[in-house]
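Keep in mind that what you see is a predicted model, and the values were worked out from it rather than measured.
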Amino acid sequence: MGRGKVELKRIENKISRQVTFAKRRNGLLKKAYELSLLCDAEVALIIFSGRGRLFEFSSSSCMYKTLERYRSCNYNPQEAKAPQDSEINYQEYLKLKTRVEFLQTTQRNILGEDLGPLSMKELEQLENQIEISLKHIRSRKNQVLLDQLFDLKNKEQELQDLNKDLRKKCQLQETSGDNALHISWEEGGHSGASGNAMEPYQGFLQHPENDSSLQIGYHQQAYMDQLNNEDMAAHQPGNEHGRSGWI
C-alpha cells in the first residue's frame with residue numbers, strides 16, 4: 001500500500017511537531033547539499049525553528065558572501081532615493097547580522113553541534129582550527145604556570161633573606177646581652193673582692209683609743225720603752241755619774 005496523503009496543516013501535538021521538524025529539516029539540508037554538489041550551484045539555506053533556533057547551510061565557505069551576492073542581484077532602484085546615511089547604516093546592519101550569524105554557527109560547530117551540513121573539507125578545517133586553538137590554550141596555560149612558579153620562587157627568596165636578617169639580629173642581641181652580663185659580673189666580682197680583702201684589716205685600721213684593752217697594752221709598752229731608754233743611757237760612758245747616783 002502506498003502512503004496516504006498528508007494533510008498540510010500545523011501539527012498540534014508538540015512532540016510530533018518537533019519530530020517532524022527535525023526530520024524535514026535534515027532532509028531539506030541534505031537536499032540543499034546534494035543540489036550544490038551535483039549541480040555545482042551556490043546554495044544558501046536559513047531555517048529558524050519555532051523556538052528561534054537558527055539552522056543554516058551554505059555551499060560556499062561563508063554565508064556572508066552568498067548573502068552579499070543575493071543582495072546585489074536583488075537590488076531595488078528605489079533604494080537609491082533613500083538618504084546616503086540610511087543606506088550605509090543598513091549595509092552595516094546586514095554585515096553585522098551576517099557576522100553574528102556566522103559566529104554563532106561557528107561556535108555551535110566548535111561545540112560539536114550541527115555538523116550534519118558540513119562537508120569533509122569543512123570538517124577538516126574545523127578540526128585543524130580546534131587543534132590550533134588547543135595548542136594556543138596549552139601554551140598559555142604553561143606560560144601562566146611558569147609565571148606563577150617564578151613568583152613563588154621570588155617570594156621564597158624574599159622570605160629566606162628576611163629569615164637571615166632576623167637570625168643576624170637575634171645573634172647580635174644575644175651577643176650584646178652576653179657582653180653586658182660578663183661586664184656586670186666582672187664589676188661585681190672586683191667590688192666584692194676588694195670588700196673582702198679590706199675586711200680582715202678593718203680591725204687593725206681602727207684607732208687604739210677606741211678599744212680599752214689596746215689602750216692598756218699601749219701604755220705598758222710605752223712605759224717599758226721608757227725604762228729601756230733610761231737603762232741604755234745609764235750604761236753609756238758619759239752617764240756614769242747618773243748611774244751611781246741612781247744606785
Evaluate side-chain contact (heavy atoms from CB on, under 4.5 Å) for Val19 paired with Lys23, printing each intermediate quantity in order.
-> CA-CA 6 Å; Val19 172; Lys23 291 181 178 180; 3.7 Å; yes
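- Annotation: Phe48, atom CZ; neighbour count of heavy atoms from other residues, nucleotides and ligands within 6.0 Å is above 12.
- Proximity of Arg108 to Leu54: side-chain heavy atoms (C-beta onward) are separated by under 4.5 Å at one or more points.
- Summarising the geometry, atom CG belonging to Leu162 is positioned 11.5 Å from atom CD belonging to Gln157; distances are rounded to the nearest 0.5 Å.
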Given side chain to side chain donor-acceptor pair (under 3.5 Å), test Asn154 with Glu158 step by step and report yes or no.
-> CA-CA 6 Å; Asn154 289 335; Glu158 291 177 358; over 6 Å; no
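- Listed here is the closest heavy atom pair of Lys65 and Ser61: NZ-OG, 3.7 Å.
- Under the 4.5 Å side-chain criterion, counting only non-hydrogen atoms from C-beta, Asn109 is not in contact with Glu122.
- Here Lys153 contributes atom NZ and Lys155 contributes atom NZ; the two are 15.0 Å apart, rounded to the nearest 0.5 Å.
- Contact detail for Ser59 and Ser36: the closest heavy-atom pair is CB-CB, 3.5 Å.
- Using a 4.5 Å heavy-atom cutoff, the side chains of Arg99 and Tyr64 are not in contact.
- If you chain together hydrophobic residues whose side chains sit under 4.5 Å apart, Leu115 and Tyr33 never meet in one group.
- Taking the side chain as every heavy atom from C-beta outward, Leu67 and Leu94 never approach each other to under 4.5 Å.
- Heavy-atom neighbours of Gln107 CD from other residues, nucleotides or ligands within 6.0 Å: at or below the threshold of 12.
- Remark: the backbone N or O of Arg17 is not paired with any side-chain donor or acceptor of Thr20 at under 3.5 angstrom.
- Between Leu149 atom CG and Asn142 atom CG the span is 12.0 Å, to the nearest 0.5 Å.
- To the nearest 0.5 Å, the span separating CG on Leu37 from OG on Ser119 amounts to 9.0 Å.
- Residues Gln104 and Val100 meet the side-chain proximity criterion, which asks for heavy atoms closer than 4.5 Å.
- Atom CG of residue Asn26 and atom CZ of residue Arg24 lie 12.0 Å apart, to the nearest 0.5 angstrom.
- You'll find the side chain of Leu159 stays beyond 4.5 Å of the side chain of Asn163, heavy atoms only.
- A salt bridge links Arg71 and Glu68; the closest N-O separation between the charged side-chain nitrogens and carboxylate oxygens is under 4.0 Å.
- No option in Gln129, Lys121, Glu127 other than Lys121 meets the side-chain contact (heavy atoms from CB on, under 4.5 Å) test with Gln125.
- Considering all non-hydrogen atoms of both residues, Met63 and Phe57 come closest at CE-O, 3.4 Å.
- Annotation for Asp40: atom CG does not count as buried by contact number, only 12 or fewer foreign heavy atoms lying within 6.0 Å.
- Linking Ile, Leu, Val, Met, Phe, Trp and Tyr whenever their side-chain heavy atoms come within less than 4.5 Å puts Phe55 and Leu28 in one cluster.
- None of Val43, Thr66, Leu45 except one satisfies the side-chain contact (heavy atoms from CB on, under 4.5 Å) rule with Ser58; the exception is Thr66.
- Expressed to the nearest 0.5 Å, how far CG of Leu134 lies from NZ of Lys141 amounts to 11.5 Å.
- Cys62 and Phe102 get closest at one heavy-atom pair: SG-CD1, 4.4 Å.
- In summary, the side chains of Asn128 and Glu124 do not present any donor paired with an acceptor at a separation below 3.5 Å, with no hydrogens or angles considered.
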